[in-house]
There are 2 protein chains.
Amino acid sequence: MSAAHGTEERILDAATELFSERGYAATTTRAIADAAGVNEVTLFRRFESKAGVLRALGARLAERQAGRAAQAAPDSESVRETLLRLARMEIEGAIEGGGLAIRLAFEARSVPEVGELLGEGIPSNLEGLAEYLAEHQRTGELRADVDPRVMAEAFFGLTSSYVMYRMVMGAADVPADIDSDEGIEQLFDLFWSGAASREER
Amino acid sequence: MSAAHGTEERILDAATELFSERGYAATTTRAIADAAGVNEVTLFRRFESKAGVLRALGARLAERQAGRAAQAAPDSESVRETLLRLARMEIEGAIEGGGLAIRLAFEARSVPEVGELLGEGIPSNLEGLAEYLAEHQRTGELRADVDPRVMAEAFFGLTSSYVMYRMVMGAADVPADIDSDEGIEQLFDLFWSGAASREER
DNA sequence: AGCAGGGGCAAGTAAGTACTTGCTTGACAT
DNA sequence: ATGTCAAGCAAGTACTTACTTGCCCCTGCT
């Protein structure tokens, strides 16, 4: 069982890498099997189908994301701290999956099984954040002259573009210093300086 | 000749829409032909191959982009004006292509012909903007405590995410008011408030 | 009238790809 | 020793997809 578990993990790891590099549709089951050092037939025996691999992958990602979220949510912190933490979580999660989620998002509408997996994830995230922001616009912590949805979009734009550029051009082309914790902090600070009310910043 | 020209245009229009919706690899030549109201064979007669359609599309886009760029570059304007104009150009161009460029960027590494078409475009854009920003950090118009490359990344992140969300979730889910000129302005303002030096904003 | 060129239609080829089947091997447990 | 389970290997099926070929029709020019 532990051996079987091991090969499943290896297959999922390989799939993660290939899906995030080439996308779901462009990745062949043979390529996944080869990258995992496993026979293609084994892939089908473990996970029924290519879509099965995707589902298992989704489950594993959700689990890890939940793990990250669980060790958070102390509610006695400032808006700035909350948003920064959210940004970190977003970026960490995205980086860990090698940009998998973002990459798959682009296939959600053309590949049915990908759409199913992602479901309502992204829109609801955006709506949720917009609500949170609107609330703190009312309390005066955030500037009120910008539509909260625009603000939410800008926030996700920053975090996702952080990952996006690393995917679109090879990671090699990205200056090393941006790739650090400080890079995230600077990026967030840019957003924060723009979004906070004058008194807060 | 004008008839032939017309069908070519229709094919390119259809390809633009489909490529930006589903990506290059996932779009079949038959789908393009159907969408253009044309026989699949005609597509191959006009443009040699699927890659040929892509090349023609690239040429047409470059032409239009050049057109937009040409009617610009008055150098006696402020940094803010320059950047806002750039943001508008970016977004307009991206929207006009239905997000084509961004979508294709994700396929650049897995589909050779797409990679060829896009070439060095994106990295050089980023570098160029970073240089411009660094220059104006020195003159004190932009805050100096943020890496110019991070700033450039944030800028492109904003503009591209504007388009991205409209692609990832159906355009229908996007609140209409964000989709206006004012949305762009707000988004840019968010960036500007974060990036400008204290005296400038 | 004649002819050239753009385009439709039917059919076919070659390659790739998800997925299947049947058989073998090796490790481990009883 | 015998059975079980994971995994490899070879081969094949069914389907999709880029691209081809051959033939026809129509329009417009001379």
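Chain identifiers are assigned alphabetically (A, B, ...) following the order of the sequence lines, protein sequences preceding nucleic acid strands; residue numbering begins at 1 within each chain.
Rounded to an integer number of Å, the gap from CG of Leu18(B) to C1' of dT17(D) is 15 Å. For Arg46(B) and dG5(C), the CZ to P distance is 12 Å, given to the nearest whole Å. Distance Ile11(B) CD1 to dA18(D) C1': 15 Å, rounded to the nearest Å. Per the geometry, CD1 belonging to Ile32(B) stands 10 Å off P belonging to dC19(D), to the nearest Å. The CG atom of Leu43(A) sits 15 Å away from the P atom of dT17(C) (whole-angstrom rounding). Put simply, OH on Tyr24(A) is 12 Å from C1' on dT17(C), counting in whole angstrom units. Rounded to whole Å, the distance from CZ on Arg10(A) to P on dA6(D) is 15 Å.
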Listed pairs, N/O of protein and of nucleotides 24-29 of chain D, under 3.5 Å:
none

Please list each protein N or O that sits under 3.5 Å from an N or O in nucleotides 25-28 of chain C, with the distance.
none

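Residue Arg46(A) is tested with Glu40(A), Glu8(A), Glu9(A) for a salt bridge (charged side-chain N to carboxylate O under 4.0 Å, His left out); the sole match is Glu8(A). Checking Val38(B), Thr29(B), Thr16(B) one by one against Ile11(B), the side-chain contact (heavy atoms from CB on, under 4.5 Å) holds for a single residue, Val38(B).
For the atom pair CG (Asn39(A)) and OG1 (Thr7(A)), the distance works out to 11.5 Å, reported to the nearest 0.5 Å.
Across all strands shown, Gly37(A) has heavy atoms under 4.0 Å from sugar-phosphate atoms exclusively, and none from any base.
For the pair Asp147(B) and Glu153(B), the minimum side-chain heavy-atom distance is 4.5 Å or more. With contacts defined as side-chain heavy-atom distances shorter than 4.5 Å, the pair Leu133(A)/Val79(A) does not qualify. Residues Phe19(A) and Ile32(A) meet the side-chain proximity criterion, which asks for heavy atoms closer than 4.5 Å. At least one side-chain heavy atom of Glu185(B) sits less than 4.5 Å from a side-chain heavy atom of Arg88(B). Using a 4.5 Å heavy-atom threshold, the side chains of Lys50(A) and Tyr24(A) count as touching. Taking 4.5 Å as the limit, every side-chain heavy atom of Thr42(A) sits out of range of all side-chain heavy atoms of Arg10(A).
Taking only side-chain nitrogens and oxygens, Thr28(B) never comes nearer than 4.0 Å to OP1 or OP2 of dT17(D). Between Thr7(B) and dG7(C) there is a side-chain polar atom (N or O) within less than 4.0 angstrom of OP1 or OP2.
Between Asn39(B) and Ala26(A), it is Asn39(B) whose nearest contact on DNA chain C lies nearer the 5' terminus.
The pair Glu107(B)-Arg103(A) does not meet the salt-bridge criterion, since no charged nitrogen lies less than 4.0 angstrom from a carboxylate oxygen.
Ring-plane geometry between Phe188(B) and Phe191(B) is classed as tilted, the angle between the planes lying from 30 to 60 degrees on a 0 to 90 degree scale.
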Where protein sits on nucleotides 19-24 of chain C, one letter per nucleotide: B base, S sugar-phosphate only, - none, heavy atoms under 4.0 Å: BBB---

